[in-house]
Number of protein chains: 2
Amino acid sequence: MTLEAPYGNRKTGEQRLTKGCRRVLAALEQMDNLTSAQDIHGMLRQSAPEAPGLTTVYRSLDSLVALGLVQSVDIGDGEKRYELVVPGEHHHHLICQHCRASIHLDECLVANLEQSIMSQYGFVIRHHVLEVFGLCANCAEMEMTTK
Amino acid sequence: MTLEAPYGNRKTGEQRLTKGCRRVLAALEQMDNLTSAQDIHGMLRQSAPEAPGLTTVYRSLDSLVALGLVQSVDIGDGEKRYELVVPGEHHHHLICQHCRASIHLDECLVANLEQSIMSQYGFVIRHHVLEVFGLCANCAEMEMTTK
DNA sequence: AATCCAAATGGAAATCGTTTTCATACTACT
DNA sequence: AGTAGTATGAAAACGATTTCCATTTGGATT
């Protein structure tokens, strides 16, 4: 008669998301762009003072990445960014250095090459990083006309 | 009759490498693998107590990267690595997560796609990051036989 | 409902690569 | 030699992330 256990059931091994994870996930659903842990924390705290602490945000992000619901993106400034992904998948970006917009690439360039890398080098790929930096169409045009 | 100015000549605009840059460059020539700033510093100091300080190593690396003689590589652990490159060129790696070896890829996968990315998204590429992580042939085999 | 255990949480302190600051040493040109 | 602009070094500052540790919470057991 009791509501089922929100963190999961130990007997069945059912494992649900912790409160922290759910809050972080909810925050990421609001964002349409790459977001840092500190941004997520700030955003959550702003809308609710009892929101998870920064430590919990970091821990939750780790869990969500491990679960394949979120991917972390390294844009080279020493601050990791996060975003939702289709569970278990990943994608890469074109990142505009002017307006910070990130465009998803719908195809992974490396996937095509896994086979040839494997056979050419005997290298077993576990994961890879690919990000492209430059100017998006808008900003590139602005740059042109401003000059 | 005097030797020409070792830092360069202001009139001609000739610009040579500073002592720090030369030392760092020499260190990089010794390495056959990706190296961190702190490693370079430690190595230089070990062989000569009057070697450049850490700050100078960082500054020299920045200069060398700007000059296109060195590239910095982000392997995702928060510590940048550096290596010599064919001046003005770049390359990517297969990085073994077990023995830390890095295998140079002789071809840049992104170069082929610049055109199509440009025309499909209007995105102007300035640079990109691509690193592949996994196990090199040796380590992959070891992993197999150990199990 | 009372209790116990494991997991989750929060805040403060610690880490650690890198950058800044600022005073000093060097170099090139006059 | 004199001066201005660089280069350099050590120490302090920075900032994202992790670690510590004490507390709370949730789930199972009685």
Side-chain angles (χ1 to χ4, degrees), chain A residues 1-25 27 34-45 48-67 70 72-82, chain B residues 1-25 27 34-45 48-67 70 72-82:
Chain A
M1 221 22 193
T2 56
L3 289 175
E4 68 286 2
Y7 280 8
N9 181 304
R10 288 190 191 150
K11 269 206 193 112
T12 64
E14 177 215 26
Q15 186 69 29
R16 284 208 271 156
L17 296 177
T18 64
K19 200 186 305 181
C21 283
R22 278 182 269 120
R23 301 287 276 273
V24 169
L25 216 43
L34 297 170
T35 317
S36 72
Q38 315 219 33
D39 282 347
I40 293 169
H41 175 249
M43 208 153 285
L44 287 172
R45 274 286 158 101
E50 86 293 357
L54 186 52
T55 309
T56 298
V57 171
Y58 276 110
R59 282 189 285 232
S60 298
L61 285 168
D62 284 346
S63 306
L64 293 169
V65 169
L67 288 170
V70 169
S72 91
V73 180
D74 184 343
I75 66 171
D77 66 352
E79 193 178 7
K80 281 186 200 154
R81 306 305 154 87
Y82 299 87
Chain B
M1 222 21 200
T2 56
L3 289 174
E4 68 285 4
Y7 280 7
N9 181 306
R10 287 189 189 148
K11 267 205 194 113
T12 65
E14 179 216 25
Q15 184 70 28
R16 284 208 270 156
L17 296 176
T18 64
K19 200 185 307 182
C21 283
R22 280 183 268 121
R23 300 289 275 273
V24 168
L25 215 43
L34 298 170
T35 317
S36 71
Q38 315 219 35
D39 282 347
I40 293 170
H41 175 248
M43 207 151 288
L44 287 173
R45 274 284 157 105
E50 86 291 357
L54 186 54
T55 310
T56 298
V57 171
Y58 276 110
R59 283 190 283 231
S60 299
L61 285 167
D62 285 346
S63 306
L64 293 169
V65 168
L67 288 171
V70 168
S72 91
V73 180
D74 184 341
I75 67 171
D77 66 352
E79 192 178 7
K80 282 187 199 154
R81 307 304 154 89
Y82 298 87

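In this structure, A/R81 contributes its side chain and A/V73 its backbone to no donor-acceptor pair below 3.5 Å.
Closest approach of A/L17 and A/R22 over heavy atoms only: O-NE, 3.1 Å. Contact detail for A/L64 and A/C21: the closest heavy-atom pair is CD1-O, 3.9 Å. Nearest heavy atom pair, residue A/R23 against residue A/L44, reads O-CD2, 3.7 Å. What you find for B/S60 and B/G20 is that their closest heavy atoms are OG-C, 3.3 Å.
Whole-Å rounding puts the B/L44 CG to D/dG9 C1' distance at 15 Å. Note: CG (B/D39) to C1' (C/dT18) measures 15 Å, nearest angstrom. Counting to the nearest Å, the P atom of D/dT8 and the CD atom of B/E50 are 13 Å from each other. Between A/L17 atom CG and C/dA8 atom C1' there is a gap of 13 Å when expressed in whole angstrom units. In this structure, B/K19 places its NZ atom 8 Å from P of D/dT8, rounding to the nearest Å.
Of the inter-residue distances, the one linking A/H41 atom NE2 with A/T35 atom OG1 reads 15.0 Å to the nearest 0.5 angstrom.
Contact annotation: A/T56 side-chain N/O to C/dA8 OP1/OP2 distance is not under 4.0 Å. The phosphate of D/dT6 (OP1 or OP2) has no side-chain N or O of B/T18 nearer than 4.0 angstrom.
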**Request:** Quick one, give me the B/S/- string for nucleotides 10-23 of chain D, reading 5' to 3', where B means a protein heavy atom under 4.0 Å from the base and S means that only happens at the primed atoms, P, OP1 or OP2.
**Result:** BB----SBBB----
